[in-house]
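What you see is a predicted model; the values in this text were computed from it and never measured.
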Amino acid sequence: MDFIFQGFQSTLPVWLYLLIFAACSFFAWWSYNSITGIQKSYRYLLIGLRSAVFFILLALLLNPFFKKETSYFTKPHILVMLDNSASTAIEKRNYGGIESYQKVLNELNFNDSSTVNFDFFSIGSESRPVSVDELTFSADQTNLSQAVGLIKANSAPAKAAIIISDGIYTEGENPVFEAGEVNIPIFTIGLGDTTSQKDVLVKSITSNPNGYLNSHHAVE
């Protein structure tokens with residue numbers, strides 16, 4: 001706990017208080033200097049005490065302002081959203097699936113909670129609290145919008161959020177719209193291979209123009 005002097009809050013100038021103090025000190029000296037019935041040392045002591053009283057009173061009239069500061073450290077909370085979908089386990093070119101995923105988690109060193117508290121959540125069809133060891137990498141759906149909504153709901157105690165995902169969402173809305181309403185920074189760590197993939201293209205379909213109920217039709 002520290003007390004910091006912030007100055008005086010007086011409407012009168014400081015030099016006027018100094019002038020008043022000088023006058024009061026002179027009055028104290030004049031009051032005791034003419035008394036010869038006490039020793040000289042005691043007279044000076046009494047003069048000093050009365051002058052000190054005047055000084056304290058004038059200092060209080062100056063209205064000094066002090067600020068008390070107390071410094072303490074609390075570990076911040078960081079929300080960590082872990083993609084638990086089956087797509088994160090697929091090996092593709094430079095991405096080794098679960099092995100690469102675990103390598104990323106090890107490099108982030110989430111086991112060290114000496115300066116920060118981590119709150120882990122899994123990303124699947126729904127987001128829920130989880131530990132890193134409980135990840136199965138087998139969720140059928142990926143709802144990133146709900147994960148961002150969970151960050152928004154828990155943003156009060158948290159200072160930041162981390163999303164570790166391949167970015168492929170198969171359920172829910174585009175997470176970008178939900179992320180715009182979050183008031184804490186969100187950091188993303190991408191998983192998977194960055195090489196562009198070719199999509200399957202259907203150029204033409206040949207079939208009978210007419211179809212009948214409960215019958216099979218050939219499509220080429």
Side-chain angles (χ1 to χ4, degrees), residues 73-207 209 211 217 219-220:
F73 174 77
T74 57
K75 292 191 293 184
H77 283 263
I78 294 181
L79 306 176
V80 183
M81 317 303 292
L82 303 170
D83 195 337
N84 196 35
S85 62
S87 60
T88 59
I90 298 175
E91 298 181 7
K92 191 186 335 180
R93 290 182 172 85
N94 296 329
Y95 180 69
I98 297 177
E99 182 180 352
S100 296
Y101 198 157
Q102 293 288 1
K103 183 179 179 181
V104 171
L105 297 178
N106 292 334
E107 290 178 351
L108 293 173
N109 193 21
F110 287 130
N111 293 325
D112 184 10
S113 58
S114 58
T115 58
V116 64
N117 289 323
F118 296 105
D119 298 328
F120 299 98
F121 298 88
S122 65
I123 302 176
S125 58
E126 61 180 12
S127 297
R128 60 181 182 83
V130 72
S131 66
V132 177
D133 298 333
E134 294 176 345
L135 294 175
T136 60
F137 315 104
S138 60
D140 296 331
Q141 302 292 334
T142 306
N143 193 334
L144 289 177
S145 179
Q146 188 187 71
V148 176
L150 187 62
I151 294 174
K152 179 182 176 182
N154 293 273
S155 60
K159 298 300 181 183
I162 302 174
I163 297 179
I164 304 176
S165 173
D166 56 11
I168 303 173
Y169 63 94
T170 58
E171 187 178 355
E173 300 177 352
N174 191 327
V176 173
F177 302 112
E178 191 75 25
E181 300 179 359
V182 180
N183 57 5
I184 61 174
I186 300 178
F187 302 93
T188 57
I189 299 177
L191 300 174
D193 185 77
T194 58
T195 305
S196 301
Q197 301 294 317
K198 293 183 178 180
D199 293 329
V200 177
L201 176 64
V202 179
K203 299 183 67 174
S204 63
I205 297 177
T206 303
S207 64
H217 301 274
V219 177
E220 181 180 347

*Asks:* Which pairs with one or both residues in residues 128-152 pass ring-ring contact (aromatic ring centres under 6.0 Å, His included), sequence neighbours excluded?
*Replies:* Tyr101-Phe137

*Asks:* Test Val219 against Thr206 for side chain to side chain contact (heavy atoms under 4.5 Å, CB included), laying out the working first.
*Replies:* CA-CA 6 Å; Val219 177; Thr206 303; over 6 Å; no

*Asks:* Do Val80 and Phe121 make a side-chain contact, defined as non-hydrogen atoms from C-beta onward lying under 4.5 Å apart?
*Replies:* no

*Asks:* Which one of Ser85, Ser165, Ser127 satisfies the side chain to side chain contact (heavy atoms under 4.5 Å, CB included) criterion with Leu144?
*Replies:*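 Going through Ser85, Ser165, Ser127 one by one, the side chain to side chain contact (heavy atoms under 4.5 Å, CB included) with Leu144 is satisfied by Ser165 alone.
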
*Asks:* Does any part of the side chain of Ile164, heavy atoms only, come nearer than 4.5 Å to the side chain of Asp83, both counted from C-beta?
*Replies:*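 They are not in side-chain contact.
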
*Asks:* For Lys103, does the NZ atom have more than 12 heavy-atom neighbours from other residues, nucleotides or ligands under 6.0 Å away?
*Replies:*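 No, the 6.0 Å shell around NZ holds no more than 12 heavy atoms from other groups.
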
*Asks:* Can you tell me how far CD1 of Ile162 sits from CZ of Phe187, rounded to the nearest 0.5 angstrom?
*Replies:* 7.5 Å

*Asks:* Go through the side-chain N and O atoms of Asp133 and Ser131 and say whether any donor and acceptor fall under 3.5 Å apart.
*Replies:* no

*Asks:* Hey, could you give me the CZ/CD distance between Arg128 and Gln146, rounded to the nearest 0.5 Å?
*Replies:*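 Arg128 CZ to Gln146 CD: 12.0 Å, rounded to 0.5 Å.
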
*Asks:* With a 4.5 Å limit on heavy-atom distance, are the side chains of Lys152 and Val148 in contact?
*Replies:* no

*Asks:* Quick one, Lys159 and His77 - any side-chain contact, counting heavy atoms below 4.5 Å?
*Replies:* no

*Asks:* Could you check if a side-chain atom of Asn117 sits within less than 4.5 angstrom of a side-chain atom of Ile78, using non-hydrogen atoms only?
*Replies:* no

*Asks:* Going by heavy atoms in the side chains, are Leu82 and Leu105 under 4.5 Å from each other?
*Replies:* yes

*Asks:* Are Tyr169 and Asn174 close enough that some pair of their side-chain heavy atoms sits under 4.5 Å apart?
*Replies:*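 Yes, at least one pair of side-chain atoms sits under 4.5 Å.
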
*Asks:* Looking at Tyr95 and Gly97, would you say the former's side chain and the latter's main chain have a donor-acceptor pair under 3.5 Å?
*Replies:* yes

*Asks:* Out of Thr136, Thr142, Ile123, which one pairs with Asn84 under the side chain to side chain contact (heavy atoms under 4.5 Å, CB included) rule?
*Replies:* Thr136

*Asks:* Please name the pair of heavy atoms, one in Asn154 and one in Leu150, separated by the smallest distance, quoted to 0.1 Å.
*Replies:* ND2-O, 2.8 Å

*Asks:* What's the shortest heavy-atom distance between Ile186 and Ala179, and which atoms?
*Replies:* CD1-CB, 4.5 Å

*Asks:* Without swapping roles, check the side chain of Lys92 against the backbone of Gly192 for a donor-acceptor pair under 3.5 Å.
*Replies:* no

*Asks:* Which residues pass the side chain to side chain contact (heavy atoms under 4.5 Å, CB included) test with Leu201, not counting sequence neighbours?
*Replies:* Lys203

*Asks:* Ignoring hydrogens, what is the shortest heavy-atom contact between Ile184 and Ala158? Give both atom names and the distance.
*Replies:* CG2-O, 3.8 Å

*Asks:* Can you tell me if Asn143 and Ser145 form a side-chain donor-acceptor pair at under 3.5 Å?
*Replies:* no

*Asks:* Quick one: are Ile163 and Met81 in side-chain contact, heavy atoms under 4.5 Å?
*Replies:* yes

*Asks:* Is the number of heavy atoms from other residues, nucleotides or ligands within 6.0 Å of CD (Glu173) greater than 12?
*Replies:* no

*Asks:* Go through it in stages, so that I can follow the logic: the residues are Thr170 and Gln141, the test is side chain to side chain donor-acceptor pair (under 3.5 Å), and I'd like the CA-CA distance, side-chain angles, deciding distance and then a yes or no.
*Replies:* CA-CA 6 Å; Thr170 58; Gln141 302 292 334; 2.8 Å; yes

*Asks:* Quick one: do the Thr88 and Asp166 side chains pair a donor with an acceptor below 3.5 Å?
*Replies:*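 No donor-acceptor contact under 3.5 Å links the two side chains.
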
*Asks:* Looking at Glu99, I want to see if its CD is surrounded by more than 12 non-hydrogen atoms of other residues, nucleotides or ligands under 6.0 Å.
*Replies:* no

*Asks:* Please report the shortest heavy-atom distance between Ala139 and Gly124, naming the atom on each side.
*Replies:* CB-CA, 3.9 Å

